[in-house]
Amino acid sequence: MSNTLLSIQGLTRRFGGLLAVSDVSATIAKGELVGLIGPNGAGKTTLFNLITGFTPPSDGTVTFDGQDVTGRKPWQIARMGMGRTFQNLRVFPNMTVFDNVSVGAVGAFGQSPWRALVNGGAHSRAVSERSWEALERVGLTAQAGDIAANLSYGKRKYLEIARALATSPRLLILDEPAAGLNDTETAELADFIRRLHAGGVTVLLVEHDMGLVMGSCSRVIVLASGRKIADGTPEAVQRDPAVLEAYLGVEDDAA
Amino acid sequence: MDVNVPDARLMPATLAPPAAFSGRGRRFAWTLLLLAVAFGAVPAAIVGTGSSYLAQIAITTMIFVILSASLNHVTGTAGLLSIGHAAFYGIGAYAAALLSTKLGLPFIVTLPAAGLIAALFGFLVALPTMRLVSIYFAVATLGIGEMIYVILLNWVDFTRGPMGIRGIPPIELFGWQADTLLSRYLAVAVIAVACVWVLHRLTHSYYGNALRALREDDQCADSMGINVERLKIESFVVATFFAGIAGALLAHTSAYIAPDNFRFMESILILAMVVVGGLGSLPGAVVGALFMIVLPEALRDIGDYRMIAVGATMFLSILLLPKGMLAEGTALGFVRRSFSRGWATIAGGTPVGWK
Amino acid sequence: MVFDVFFLQQVINGLSIGCVYALMAIGFTLIFGVLNVVNFAHGEVYTIGAFVGLMVITALAPPLLAVVPLVLAVGAVSGVGLERIAFRPFRRFTDEASQKSRAMREATLLSSLAVSIVTREIMMHIFGGDMQGIPSGYLLQQPVAIGPIMVASGSLVIFATSAVMLGALQFLLYRTQTGLGIRAVSNNQLGARYVGINTDRTIVTTFAVGSMLGATAGILVGLYDGAISPHMGFAPGVKAFVAMVMGGLSSIPGAVACALLLGVSESIATEFLSSGWKDLITYSLLVITLVFFPQGLFGHGRERA
Ligand SMILES: Nc1ncnc2c1ncn2[C@@H]1O[C@H](COP(=O)(O)OP(=O)(O)OP(=O)(O)O)[C@@H](O)[C@H]1O
Ligand SMILES: [Mg+2]
């Protein structure tokens, strides 16, 4: 399976007595657009944080592009080509839109103080161009010089995506990008994500909004109380009785 | 679902590609103006008035420009609040003083050695303290600063304690001695300008953007591929290196140093320069140093009330301009434009990016 | 046995110094709790407490017990004034960029520092920079024998006052509406405002309470040491600040425990080291604590300031 980009095995995370993520295994192939859904508190964000190295797992392994990345630092994993956004927007508020995005590019290209002092021209140009391109992809070039804190909520989401894109991710992980958007905005975003995917980026998308996931993703993984309860096509998942049960709020604490 | 867009650019560009930046003329205008002040107007005033007092203030100002610019690098740009900067200034000063008085080493050796020794201490301090956040880090720097002060004060065999070190030779380069006030000022000014230039290149670049990202949200920067821990240590080491350089300059220009030059209040004074000038703004740090050194001197006539006036002015300046006289946002735009450090100009004439 | 008695005496001395640090550290902790900034002028409140106490004593020669409420009142007034001048003006910036800006946070920190410089210089102007003696009738230096140990009456007074004030503080925080407000604002300022707590008033009250403790510490030390000066607030201010951070920033018991620890270790250190080195002990304790407990001894969670 050389086509596998990400593979997680038995990933588990405990917070004190709480089992936030419990023995989750899954794979994502190159070029896929996979949705991850689950009710509130299902452990989706925690699973993301485990994959990106933000939170160390209590158990299990993460393999990215054939390499075991379990226990590596977030920046190391990011440099290998995993870009992410945050559920609670985390733009750099006192920096301009362009400078925000450039941080992603700097992360990907690496940066040393020497290069800032001597002979860094080519490197800077590469960072600049990469950042500008990312801003073009999300349509924020007109705001490039604005302070990020002054952007509207919707635009900040695109800014976060642009910053992640500037790291040239092979896998883009989006945590609830549609949260807080109205229907039109959500439709626009869905369209945007589809085009992003069509442009060659592998995407893992966490969403509450079933419409967005079901309409866009080729495969959906369902998480409930930290466990994976379904993994398949949107149609199959929608018919799955376990999923219906989870979404109807019937708690099953067995097993 | 399978919309096939071959183009990598997914959204139509809303703007034409940005215009390449052209600011060469202004870049030279500002650079020339600053150099003319440092190497023309000030020396002319020193020679013209023949005032040793003026020369002394000019030298002190230059030394504090280095201190405030370097503190701004770690505290303003990288966001690590250090309230022990004066201790590294002290390490540099004592390193230079002891190397020249005890071992007879020349200035050309003691100057870089002072910087490197201070930076080495900075590195040793940074290693265990980098995982501390916000005020915890600040207090750790306070504690380390006070420890260094106590050592300078009490290790009498080595540092001569409260008596300080006398007879430190003046700046000397390959036989040329800076023994007049003018030459002493010029030597300090050349070194200060060089230090500020290095800090300028570091801050006003994508490396600087990475440092600012640390300050804004280090966990998030980490997820973008920024090696946060290494960058924090680097910024602290760079800042302490320049503090050490400033210390060597103090030692060689004043011929006498004592532990009281490097107390906690001195760290706070440097911090005040940075904040009054504009935290995160290198031009602000320079202006802040000028302001905080020149103001008390200008107020000498009011004698006893001087420090009250200084405190009150500092308070008013912070109250009216809490982001500083030259706030970071303004300063970055100014540098991009007037020193031609921007990458490109977008519609509306706003410069973005770094060269 | 001789050594033990002496050692015990040192510990008692240390505890009384520690109590003074603790009274100040509580003020720091309370104020840091509600505002998330360090109040650099806290040491000046301590000095003001001592000087007002001295002025009242020389002018009116009141009984010692009457000095205390007066100093408390002065502490409260200076705390309120301090908040008005150095802190409130910065709450006018409510936009997001300002709230999250480092420059703004550091500006508030330095505004209190500027106020402290001005205050100290004014006091220098009025009282001169030298030490001022306290009339001997008020000095708390009579030795009191407790078994084999000789304790200065000042230590006992400091213990008693600290105990009373800690008790009163505990009552205020956990048994009154005001205390509930302070705890709510410390926990979550925005949330507290949403549930209808007047945050501005709570902040002022916190300053008043914290400064009362600080001013009391000042006069106690004045009476115990017998001499005061405009600079006297600096050293204990720094130590109390250190104690607050070692204790974990938001924990009053933590701050008190660390303040006592600092006091005792300083006092014992003077046994083995010349007094010049004793500060090295304090700061080594601080740095070691932070290296092994990055959130202080009693702190929790990552402080995202
Ligand atoms: N740092 C933490 N410490 C303790 N518990 C945590 C922590 N992070 C998450 N949890 C708990 O783990 C569980 C899963 O949380 P998580 O945020 O992963 O859910 P989620 O599926 O992303 O929910 P939502 O849809 O609300 O974003 C929750 O019960 C949460 O309270
Ligand atoms: Mg979530």
Side-chain angles (χ1 to χ4, degrees), chain A residues 52-54 73-76 78-79 83-84 86 90-96 98-100 102-113 115-117 120-121 123-125 127-128 131-133 136-139 141-142 144-145 147 163-164 166-167 192 194-196 198-200 215-216 218, chain B residues 1-18 197-198 201-210 212-213 215-217 219-231 234-235 238 280 328-329 332-333 342-355:
Chain A
T52 53
F54 211 70
K73 301 260 170 61
W75 65 269
Q76 293 171 314
R79 272 195 195 173
R84 72 169 293 180
F86 292 87
R90 288 173 92 163
V91 298
F92 304 123
N94 293 291
M95 294 169 70
T96 65
F98 189 93
D99 285 349
N100 259 275
S102 76
V103 174
V106 171
F109 284 113
Q111 179 61 287
S112 79
R115 232 170 348 206
L117 287 178
H123 176 266
S124 292
R125 209 165 314 118
V127 171
S128 306
S131 311
W132 186 259
E133 194 183 295
E136 276 183 336
R137 288 170 94 168
V138 301
T141 48
I147 294 292
R163 189 176 61 188
T167 64
F192 173 76
R194 274 197 292 270
R195 276 183 289 145
L196 204 60
S216 312
S218 51
Chain B
M1 195 170 85
D2 32 14
V3 194
N4 217 352
V5 184
D7 188 15
R9 303 197 173 161
L10 297 157
M11 283 252 168
T14 48
L15 285 173
W197 183 83
V198 170
R201 295 291 293 208
L202 289 177
T203 330
H204 301 134
S205 68
Y206 287 114
Y207 178 74
N209 275 11
R212 279 180 279 275
R215 171 192 69 193
E216 299 285 295
D217 186 338
Q219 294 181 327
C220 178
D222 200 351
S223 292
M224 297 302 128
I226 304 287
N227 185 347
V228 169
E229 215 157 291
R230 179 175 161 173
L231 223 53
E234 270 173 18
S235 66
V238 165
E328 178 181 55
L332 294 183
W343 167 61
T345 319
I346 57 167
T350 318
V352 295
W354 297 111
K355 218 168 223 160

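Letters A, B, ... are given to chains in the order of the sequence lines, protein chains preceding strands, and every chain is numbered from 1. Quantities reported herein were computed from a predicted structural model and do not represent experimental measurements. These numbers come from the heavy atoms of this one structure, side chains and all, not from hydrogens, waters or symmetry mates.
Atom CE of B/Met224 is separated from atom CG of A/Asn100 by 9.5 Å, given to the nearest 0.5 angstrom. If you take CZ on A/Arg90 and CD on B/Gln219, they are separated by 5.0 Å, rounding to the nearest 0.5 Å. Considering CE of A/Met95 and CG of B/Leu332, their distance stands at 9.0 Å, rounded to 0.5 Å. To the nearest 0.5 Å, atoms OG (A/Ser102) and OH (B/Tyr206) are separated by 5.5 Å.
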Original post:
Checking side-chain contact (heavy atoms from CB on, under 4.5 Å) for the pair A/Val103/B/Ile226: CA distance, chi angles, key distance, verdict?
Top reply: CA-CA 8 Å; A/Val103 174; B/Ile226 304 287; 3.9 Å; yes
**OP:** Test side-chain contact (heavy atoms from CB on, under 4.5 Å) on A/Phe98 and B/Trp343 and set out the steps.
**Re:** CA-CA 11 Å; A/Phe98 189 93; B/Trp343 167 61; 3.8 Å; yes
Subject >> Pair B/Tyr207-A/Arg115, side-chain contact (heavy atoms from CB on, under 4.5 Å): steps then yes or no >> reply: CA-CA 8 Å; B/Tyr207 178 74; A/Arg115 232 170 348 206; over 6 Å; no
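For the pair A/Ala116 and B/Arg201, the tightest heavy-atom approach, listed with the atom from each and the gap, is O-NE, 3.4 Å. Contact between A/Ala144 and B/Ile346 at its shortest, heavy atoms only, is CB-CD1, 4.0 Å. Closest approach of A/Asp99 to B/Trp354, counting heavy atoms only: OD1-NE1, 4.3 Å.
For the set A/Ala108, A/Pro93, A/Pro113, A/Gly120, the entry with the most heavy-atom pairs within less than 4.5 Å of chain B is A/Pro113. Looking only at heavy-atom pairs under 4.5 Å with chain A, the residue among B/Gly353, B/Ala213, B/Gly280, B/Gly329 that has the most is B/Ala213. Most heavy-atom pairs under 4.5 Å with chain A: of the set B/Val198, B/Val238, B/Thr350, B/Asn209, this distinction falls to B/Asn209. Heavy-atom pairs under 4.5 Å with chain B were tallied for A/Ser128, A/Gly145, A/Gly104; the largest tally goes to A/Ser128. For chain A, the option among B/Ser223, B/Gly333, B/Ser205, B/Ser235 with the highest count of heavy-atom pairs below 4.5 Å is B/Ser223. Chain B forms more heavy-atom pairs under 4.5 Å with one residue of A/Pro74, A/Ala105, A/Gly53 than with any other, namely A/Pro74.
When the shell of 6.0 Å around CD of A/Gln76 is examined, it contains more than 12 heavy atoms from other residues, nucleotides or ligands.
Between the B/Glu216 side chain and the A/Val91 main chain, no donor and acceptor come within less than 3.5 Å of each other.
Only the side chain of A/Phe86 has a heavy atom closer than 4.5 Å to any heavy atom of chain B.
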